[in-house]
Each structure stands twice: as C-alpha cells, then as structure tokens.
Amino acid sequence: MNQLLSISSNLLFVAFVLYLIGTFFFGGAIRTDSKKTEGRAMNRWGLIGITISIIGFVCQLGYFIARWIVSGHAPVSNMYEFTTFFGMMLVAAFIIIYLIYKTAVLGVFALPVALLVIAYASLFPREVNPLVPSLVSYWLHIHVTTAATGEAILAISFAAGLIYLVKSINQTKKSKSTFWLEFVMFTLISVVGFIIITSIFHATNYSAKFDWVNKEGVEQAGKQGMTFELPAIVGPHEGKMQNPDQFKPLFYVPALINAVKLNTVIWSVFTGIILYILIRLITRKRIGALLQPLVKNIKLDLVDEISYRSVIIGFPVFTLGALIFAMIWAQEAWGKAWSWDPKEVWALITWLFYAAFLHLRLSKGWHGSKSAWLAVIGFAIIMFNLIAVNLVIAGLHSYA
C-alpha cells in the first residue's frame, strides 16, 4: 500500500508538470501578431497543448484512483484530497470547453488556476487517515465530488470572465475597473505567496507550539496543543508558548477562529504584497496591462459565451452537490437537514449569487463586462468558502 501511495503522489507530480508544459504550448498558440498566422499556430501548438493536458488529466485520475484504493474511500475527506480533486475537475472542465470552442487563450488562464489550486493543496498534510465517524457514508462520494465538480465548472466561467476584462479594460488610464482588476491579480499573486512562504518555512522545519483554551473552555496542552509552522503573528485563545524562544504573537484571537489558519492567511497576504510590488517595480506596468498582449486577437463575444455556458452547466451541478445532496446527508448524519454551519451558509450564499447571475443575465441583459465581473466575484466567493471558511472559521466541517 505504501508503494501504491508513492505511485499516487508521483502521478500527481507528473500531472502538475504536464499542466505547466501545456500552459506554455497554449501560450505558443497566441504569440503571433498576424491573425492568419495565429490560426495555423493554434492548430499546431493548441493541439499539442490539449494533448499534453489530457495526458496530465489521465495521470491525475490515476493518482485519484490509486489513493482511493489505498484509503478505501473516495479521497476527498480532507483539504489536500478535496483541493486536488477540485483542481482535477477544473482541468476536466477546461478540456471539454476547449474541445468545443478551440480557444487557446483559455488554456493560458484556466490551467494556471488549476496549477495554483494543486500547489495550494500540496502544502496540506498528505497522510491517509481513517475517516472520522461523521464521514463514513456513501454520501461522501456523492455530495463532495458533485459539489467540487460544480465549483470547477464555475471556475471556467471565472477564467473566461478574466480574459474578457483583461481584453476590454483600458489600461492607459486609472479607473475603478483597472483598480479592481489589479485587486483580482493581487489575490492570485497572494496564493503564489502562500505557496512560497509555506515552502520556505517547511524547508527550515520551523515549529512553534502553544497550549490554548478551546471554545468549550477546555485547555488543550502538551500534544493536544496548537502547532504553528509559520511564525505566529496571531496566537490562539489564551495561548501559552511551549517554546518561548520562537517569535511571539502580536495579538490573540477568540477560540472561534482557527489561529493557525488565520496566521497563514496573514502571511500569504503579506508575501503577496511583496511579490506584487516587485513585479510592478520591475515591469512598471499593471498586471492587467502585462497580460493584454495575450488576448489582443480574442473575440469578446466568444469568451462572454464561454463564461455564460460554464455557469449554465456548473450551477445545476453545484446545486445538486452542495445543497440537495448535502442536506440529505446532513439529515442522515445529524438529524437535521440544515444547521446554519458556516460552510452551509457560504454554500447557500454561493448558490444565491449564481442564481442572481443567471437572473441578471437572462432578465436584465447583463452581458459583456457586467457578466464578466459577476463571474470573477462568483469565483472569489467560491475561494473564500474553500480557504477562509474551511480553514479559519470553526464549524461542523472543521475536519477539513
């Protein structure tokens, strides 16, 4: 089993590398200035890019199956497993959309999002552990996989919306649009910052342990204490350092907040700020302006349609997985279909947002840039649910 688990990890690494290579080939399909030449380049470079992406997806599917065999259950029971599955389904959604629309630039935007998701997942513990009692159910396979698949399809809408905004927003002058587009880019860079800063401190084996008091008022000491793998800017509720030689927290948070995860978010934002400033100093351009050459020959109506179609497909899938199947399982597991758990609340917020998206699109005629901004905001809500709600706010889904 250990050998199969090792093979599983290697397959995921191979998939990651192939997605990265595929991104460069899709980039090669849009490097030419001539539209006529671009068509031929896309046929050649785009074909190689999608072929490599499909091979990478098959490798990641092999990782998923191998880990399932080792664990005995669908590998979506913790942050590492769920997030890698989310990345895999994002690639699957991209492959299907690409085969329909043959738009190479979508690969330059969608695959890096998948790469960030998988890299983010790789920083969580990868051990295969027995399921906690509340997760021992066939609904684990149905609810979680369907919800993640719906979110992955909706993420394609984000990639298409981002392409639309990069193409359509005038970067020659400052405006609200340029500011908010830069904010989106900064957020993505902060994810890169998280990956970098966490990898650095992992390499140094940094560790700081705290005794603390949980929300039930019970002291968690010794081995039950809270371990920080980044210097603790924030500390746990009534925390006392077990190794006082390490960096001391600047302030402490209530027991409702997971101090370790909040500390990680703060470090990610801080590192993201440094990276963003460095990029701006070196290039002397906004990130949006740097990306505009990639989308100069794209048709806005095409990416607008891709964004809309992604929501049309992803919304009902998300509805089934994140709400209907979730409520059925909650009724079986906890005796009530709805408990206003933070995860449930944000799933509902996500659903309401995309319902509003479709209403505004179909009834109010919100096409083009308005629709693109909605797609970006929707993905931000999904990522807030994945990162902040899962990691920072304690609740019934805190096992993740």
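- Using a distance-only test at 3.5 Å, with no hydrogens or angles considered, a donor-acceptor pair links the side chain of Ser268 to the main chain of Thr264.
- For the pair Ile153 and Phe315, the minimum side-chain heavy-atom distance is 4.5 Å or more.
- A donor-acceptor pair is defined here as one N or O able to donate and one able to accept, closer than 3.5 Å; no such pair exists between the side chain of Ser190 and the backbone of Gly193.
- Atom CD1 of Ile349 sits about 8.5 Å away from atom CG of Asn385, to the nearest 0.5 Å.
- Rounded to the nearest 0.5 Å, atoms CH2 (Trp212) and CD (Gln220) are 6.0 Å apart.
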side-chain contact (heavy atoms from CB on, under 4.5 Å) between Leu181 and Trp373, worked out: CA-CA 9 Å; Leu181 182 60; Trp373 278 116; 4.3 Å; yes
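- The environment of CG in Asn170 is crowded: more than 12 heavy-atom neighbours from other residues, nucleotides or ligands sit within 6.0 Å.
- Of all heavy-atom pairs between Ala15 and Gly56, the closest is CB-O, 3.2 Å.
- Using modelled atom types, one finds no donor on one side chain facing an acceptor on the other under 3.5 Å when comparing Thr83 with Tyr120.
- Without hydrogens or angle criteria, Thr23 side chain to Tyr19 main chain gives a donor-acceptor distance under 3.5 Å.
- Residue Leu275 holds its CG atom at 12.5 Å from CG of Leu188, rounded to the nearest 0.5 Å.
- Atom CZ of Phe183 is surrounded by 12 or fewer heavy atoms from other residues, nucleotides or ligands within 6.0 Å.
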Go through the steps to decide whether Ile287 and Glu182 satisfy the test side-chain contact (heavy atoms from CB on, under 4.5 Å), and finish with yes or no. CA-CA 6 Å; Ile287 308 298; Glu182 282 302 287; 3.6 Å; yes
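- Closest approach of His141 and Ala74 over heavy atoms only: CD2-CB, 3.2 Å.
- The ring of Phe26 has its center closer than 6.0 angstrom to the ring center of Tyr98.
- Using a 4.5 Å heavy-atom threshold, the side chains of Leu154 and Phe379 count as separate.
- Few gaps surround OH on Tyr252; more than 12 heavy atoms of other groups in view lie less than 6.0 Å from it.
- Heavy-atom minimum distance, Leu111 versus Ser53: CD1-OG, 3.5 Å.
- Crowding of Phe270 atom CZ: a count of heavy atoms from other residues, nucleotides or ligands under 6.0 Å not exceeding 12.
- Nearest heavy-atom pair, Ala93 versus Ile156, reported as atom, atom and distance to 0.1 Å: CB-CG1, 3.7 Å.
- Not less than 6.0 angstrom separates the ring centroid of Trp351 from the ring centroid of Phe318.
- When the shell of 6.0 Å around NZ of Lys209 is examined, it contains 12 or fewer heavy atoms from other residues, nucleotides or ligands.
- The backbone N or O of Ala259 lies less than 3.5 Å from no partner atom in the side chain of Asn263, so there is not a single donor-acceptor pair.
- The shortest distance between side-chain heavy atoms of Pro75 and Tyr80 does not fall below 4.5 Å.
- Leu291 places a side-chain heavy atom less than 4.5 Å from the side chain of Met185.
- No more than 12 heavy atoms of other residues, nucleotides or ligands shown are found within 6.0 angstrom of CZ on Phe13.
- Of all heavy-atom pairs between Ile50 and Leu47, the closest is CG2-O, 3.2 Å.
- Rounding to the nearest 0.5 angstrom, the gap separating the CD1 atom in Ile195 from the OG1 atom in Thr271 is 11.5 Å.
- One hydrophobic cluster, built from ILVMFWY side chains closer than 4.5 Å, cannot hold both Phe228 and Ile266; they sit in different ones.
- Using a distance-only test at 3.5 Å, with no hydrogens or angles considered, no donor-acceptor pair links the side chain of Thr103 to the main chain of Val105.
- The aromatic rings of Trp45 and Phe25 are tilted relative to each other, their planes meeting at an angle between 30° and 60°.
- Looking at heavy atoms from C-beta onward, Val184 lies out of side-chain contact with Leu165 at the 4.5 angstrom threshold.
- The shortest distance between side-chain heavy atoms of Leu374 and Phe353 falls below 4.5 Å.
- For the residue pair Val303 and Ala160, the shortest heavy atom distance occurs at O-CB, 3.6 Å.
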Please evaluate residues Ile306 and Ser310 with respect to the criterion side-chain contact (heavy atoms from CB on, under 4.5 Å), reporting the C-alpha separation (whole Å), side-chain torsions for both, the decisive distance (0.1 Å), and the verdict. CA-CA 6 Å; Ile306 292 173; Ser310 299; 4.2 Å; yes
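- Under a hydrophobic clustering in which Ile, Leu, Val, Met, Phe, Trp and Tyr are joined whenever their side-chain heavy atoms come within less than 4.5 Å, directly or via other members, Val76 and Leu12 fall into the same cluster.
- Residues Tyr308 and Leu362 form a side-chain contact, since some pair of their non-hydrogen atoms from C-beta on lies under 4.5 Å apart.
- The side-chain hydrogen bond (donor to acceptor under 3.5 Å, both in side chains) search around Glu81 returns Arg67, Ser77, not counting sequence neighbours.
- Note that CG of Leu352 is 11.5 Å distant from CH2 of Trp346, once rounded to the nearest 0.5 Å.
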Should Val317 and Glu151 be marked as a side-chain contact (heavy atoms from CB on, under 4.5 Å) after you check the CA-CA gap, both sets of side-chain angles, and the distance that decides it? CA-CA 8 Å; Val317 177; Glu151 291 179 341; over 6 Å; no
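- Residues Leu230 and Val260 fail the side-chain proximity criterion, which asks for heavy atoms closer than 4.5 Å.
- With sequence neighbours left out, Asp304 forms a salt bridge (Lys or Arg N to Asp or Glu O under 4.0 Å) with Arg361.
- A single hydrophobic cluster is not seen to contain both Ile324 and Ile313; linkage of ILVMFWY side chains at heavy-atom distances under 4.5 Å, directly or through other members, places them apart.
- Atom CZ of Phe85 is separated from atom CH2 of Trp68 by 8.5 Å, given to the nearest 0.5 angstrom.
- A continuous path of hydrophobic side-chain contacts links Tyr354 to Met327 [ILVMFWY only; heavy atoms under 4.5 Å].
- Classified by interplanar angle (parallel below 30°, tilted 30° to 60°, perpendicular above 60°), the ring pair Tyr206/Phe201 is perpendicular.
- Between the side chain of Glu229 and the main chain of Thr198, no donor-acceptor pair closer than 3.5 Å is present.
- A donor-acceptor pair under 3.5 Å is absent between the side-chain atoms of Gln171 and the main chain of Leu290, judged by distance alone.
- Leu5 and Phe16 fall within a single hydrophobic cluster, where Ile, Leu, Val, Met, Phe, Trp and Tyr side chains are chained together by heavy-atom contacts under 4.5 Å.
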Are Tyr63 and Thr84 close enough, and set up right, to give a side chain to side chain donor-acceptor pair (under 3.5 Å), and what steps lead you there? CA-CA 10 Å; Tyr63 143 82; Thr84 52; 2.8 Å; yes
